[in-house]
Amino acid sequence: MALAEFELIRQYFTTAGLTFARPGIVLGPGDDCALLELPAGTQLAMSMDTLNQDVHFPAGADAAELAQRCLRVNLSDLAAMGAEPLGFTLALSLPAVDEHWLQGFSEGLATCAAQYQCSLLGGDTTRGPLAITIQVHGLVPAGQALRRAGASVGDAIYVTGTLGDAALAVPYLTQQPGFDMTALSAADRASLQAAFYQPVPRTEAGIALRGLASAALDISDGLASDLNHILQASTGPNVTPGAIIESARVPVSDVFARLVPDAEQLPMALGGGDDYELCVTVPPQHEAQAQAALQALGLKFTRIGEVVASSGIMLRGSDGDPRPLPFSGYRHFGDNGNE
Ligand code: ADP
Ligand code: MG
């Protein structure tokens, strides 16, 4: 690597705001490897996500927001396992050295790294089409990670926060015909922008749900699709669990309720991706404690349905009859997904 690129790394990445001391980190960036020392009785949780220009974000996206989004979606995976953030590595492919862009990217990353106490451990910087890969590392007490396998018939299904906001944001942010950002109030604009670029990793919720939730994941592809992962992972020799979702309980935000036509609300809230809320199953004997724990965090935590013995996901509307979901992995704007 050219000297100029080492200088670039020093200036924008191995900064005090991004690379800070934290128990468990013996050595950060600068050597051939970083060194971690796990406290006794803990396990290392690891996950990686890539964002590619034109696939996961539009060209010209703000660098700071992009940095935030990339780290946040990775932190969301740690949250979904009940793991506490420790550090991350960053592989960055850049078409050119744009100092203004790098400054914004570095600041966005540092804001998020500090907020979640997740320190930059190292990385790789190369030239090529803009692509950002982050790998996060987190700690979880041995045996206590929240896994997708573990849901049983009779468990309640809960989600954190509200669903569908990121799916609603995409057509506005990409300026699709009929979705005019300027027609929205400043507060609406800010809320849609944040829904996409600043998904909130439910770190504290994941940690609080250790020992209470029977299964968990973060919703990246839409609940209709992601809940199936829990059901499939939780399938035993004698039972293939399914789920009944109560349509009236599906939590949506005020801006979503206002902007999305009634008939499109459920398909979008259950099928739209990128929410990064947690979906968890909770056995009846732990429900009260789980609700209290999430309430103590000031976090919306909604019981939207139940794990049942019949397979597949059913939706129960106001008439009381469960019917098979009339959509799955719904994409409002007709692409083939973005994963
Ligand atoms: P090597 O050739 O040994 O793989 P590199 O030349 O790729 O090492 O990187 C030198 C050091 O700089 C390593 O410690 C690496 O982790 C770190 N580094 C490279 N790119 C980044 C980056 N974008 N952010 C943080 N650290 C980085
Ligand atoms: Mg080396």
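Source: prediction; values computed, not measured. Heavy-atom basis, side chains included; hydrogens, waters and symmetry copies ignored. Just follow the structure's listing: the first ligand is 1, and inside any ligand the first atom is 1. Here, residue 1 is the first one in the sequence, and each next residue gets the next number.
Checking side-chain atoms of Gln265 against main-chain N and O of Ala257 turns up a donor-acceptor pair under 3.5 Å.
Neither the backbone nor the side chain of Leu92 comes within 4.0 Å of ligand 1, counting heavy atoms alone.
The atoms of ligand 1 that sit less than 4.0 Å from any heavy atom of Asp31 are 13 (C), 14 (O). Numbered from 1 in the order shown, with element, the atoms of ligand 1 that lie under 4.0 Å from a heavy atom of Asp32 read 3 (O). Set against the non-hydrogen atoms of Leu120, the atoms of ligand 1 under 4.0 Å away are 24 (N), 25 (C). Below 4.0 Å from some heavy atom of Phe6 lie the following atoms of ligand 1, by number and element: 6 (O), 10 (C).
The list of ring-ring contact (aromatic ring centres under 6.0 Å, His included) pairs with a residue in residues 135-169, not counting sequence neighbours, reads Tyr158-Phe301. Evaluation of the salt bridge (charged side-chain N to carboxylate O under 4.0 Å, His left out) test over residues 143-162, restricted to residues two or more places apart or in two chains, returns none.
Ion pairing between Asp49 and Arg69 fails under the 4.0 Å rule for side-chain N and carboxylate O.
Checking only distances, Phe13 never comes within under 3.5 Å of ligand 1, N or O to N or O.
Residues Glu107 and Gln103 have side chains that bring a donor and an acceptor to within less than 3.5 angstrom of each other.
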